> 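Mind having a look at this structure? Questions to follow.
Treat the numbers as computed from the prediction; the structure is a model and nothing was measured.
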Amino acid sequence: MFAESQNGRIRRVDLRTGESRSITPRAPSEDNPENTNIVPAPPVGTEIRWNWNTPFLLSPHNPRILHAGGNRFFTSRDRGETWTMSPDLTKDIDRDAEVVMGVANAVPRCSQFDRGWNAIRRGTMASPCGAASRR
């Protein structure tokens with residue numbers, strides 16, 4: 001079984017043993033340039049960006065093939081042990097600098113401090129980020 005969560009996290013679970021392991025595509029880092037499961041290994045510092053949820057798809061033709069998408073498209077032919085990676089498919093545009101229909105797109109983003117009890121203690125109302133208006 002496969003499972004996904006935020007920021008590119010993908011796991012493979014063996015339902016017989018209960019063993020769970022991360023199969024998230026990993027680019028090499030400055031601290032550990034050998035710690036990558038992408039073949040061929042991209043340069044150190046290669047940026048991989050993910051959305052909130054991690055879209056992935058199992059091949060209907062081969063249960064060993066798995067695809068995942070972020071700013072790059074990933075394919076694994078061995079159930080997530082190794083991955084191939086496409087080039088960056090985005091234009092890497094700063095969306096806060098964009099103007100859409102004449103309106104600046106610098107929309108406030110929620111943080112953990114803008115919601116829940118912190119917002120109530122500050123007296124902010126429960127708007128999209130809890131900070132649009134005060135009581």
Side-chain angles (χ1 to χ4, degrees):
M1 178 179 81
F2 295 92
E4 64 82 24
S5 64
Q6 295 89 355
N7 301 316
R9 292 179 184 88
I10 307 172
R11 298 192 72 76
R12 186 177 66 226
V13 180
D14 184 327
L15 295 177
R16 284 174 281 152
T17 65
E19 179 187 357
S20 172
R21 60 174 282 160
S22 174
I23 58 168
T24 300
R26 293 181 313 275
S29 67
E30 297 280 341
D31 299 334
N32 196 350
E34 302 298 318
N35 186 23
T36 183
N37 58 357
I38 301 170
V39 178
V44 170
T46 296
E47 184 180 31
I48 300 174
R49 296 184 312 276
W50 302 94
N51 288 321
W52 181 261
N53 291 95
T54 305
F56 74 95
L57 175 71
L58 298 173
S59 169
H61 309 289
N62 184 338
R64 298 184 60 78
I65 297 177
L66 175 69
H67 303 285
N71 65 319
R72 300 166 186 274
F73 187 77
F74 298 91
T75 298
S76 174
R77 298 187 184 284
D78 55 11
R79 299 176 46 218
E81 293 296 319
T82 60
W83 297 87
T84 58
M85 179 179 78
S86 76
D88 191 338
L89 300 173
T90 68
K91 295 180 180 178
D92 197 16
I93 296 171
D94 178 3
R95 62 184 172 181
D96 289 339
E98 291 296 302
V99 175
V100 179
M101 298 176 64
V103 178
N105 192 37
V107 177
R109 304 290 192 266
C110 298
S111 76
Q112 64 178 345
F113 303 109
D114 293 330
R115 301 182 301 264
W117 288 108
N118 289 327
I120 292 170
R121 277 188 223 107
R122 284 193 318 270
T124 57
M125 297 192 59
S127 63
C129 289
S133 61
R134 297 200 175 270
R135 290 182 179 213

> State whether the side chain of Gln6 and the backbone N or O of Asn53 hold a donor-acceptor pair below 3.5 Å, judged by distance alone.
no
> Check the side chains of Thr84 and Arg77 for a donor-acceptor pair under 3.5 angstrom, ignoring hydrogens and angles.
no
> Checking Ser22 against Arg11: is there a side-chain donor and acceptor pair closer than 3.5 Å?
no
> Would you mind listing the cluster partners of Val13? Hydrophobic ones only (ILVMFWY), side-chain contacts under 4.5 Å, chaining allowed.
Met1, Leu15
> What is the ring orientation for Trp50 with Phe74, classed by angle as parallel under 30°, tilted 30 to 60°, or perpendicular over 60°?
parallel
> If you look only at distance, which donor and acceptor atoms sit under 3.5 Å apart when one is on a side chain in residues 38-45 and the other is two or more places apart or in another chain?
none

> With sequence neighbours excluded, tell me which residues meet side-chain hydrogen bond (donor to acceptor under 3.5 Å, both in side chains) with Ser59.
none
> Below 4.5 Å, heavy atoms only, C-beta onward: do Asn37 and Ile23 meet side chain to side chain?
no
> Is a donor from one side chain sitting under 3.5 angstrom from an acceptor on the other, for Asp31 and Ser29?
no
> Please report the closest heavy-atom contact between Ala68 and Ile10, naming both atoms and the distance.
CB-CD1, 3.7 Å
> Run the side chain to side chain contact (heavy atoms under 4.5 Å, CB included) check on Thr90 and Arg49 step by step: do they pass?
CA-CA 10 Å; Thr90 68; Arg49 296 184 312 276; 2.5 Å; yes
> Working to the nearest 0.5 Å, report the span between CZ of Arg79 and CG of Leu58.
10.5 Å
> Assess whether a salt bridge exists between Glu81 and Arg12, defined as any Lys/Arg side-chain N lying under 4.0 Å from an Asp/Glu carboxylate O.
yes
> Do the ring centers of Phe56 and His67 come within less than 6.0 Å of each other?
no
> Do you know the tightest heavy-atom contact between Ile48 and Ala27?
CD1-CB, 3.8 Å
> Is it the case that the side chain of Asp78 and the backbone of Thr82 share a donor-acceptor pair, with hydrogens and angles ignored and the cut-off at 3.5 Å?
yes
> How close do Asp88 and Arg72 get, heavy atom to heavy atom, and via which atoms?
N-NH1, 3.3 Å
> Between Asn7 and Trp52, is a side chain to side chain contact (heavy atoms under 4.5 Å, CB included) present by the stated rule, with each step listed?
CA-CA 6 Å; Asn7 301 316; Trp52 181 261; 5.5 Å; no
> Locate the shortest heavy-atom distance separating Thr24 from Trp83; write the atom from each residue and the value.
C-NE1, 4.2 Å
> Between Thr46 and Met85, is any pair of side-chain heavy atoms under 4.5 Å apart?
yes
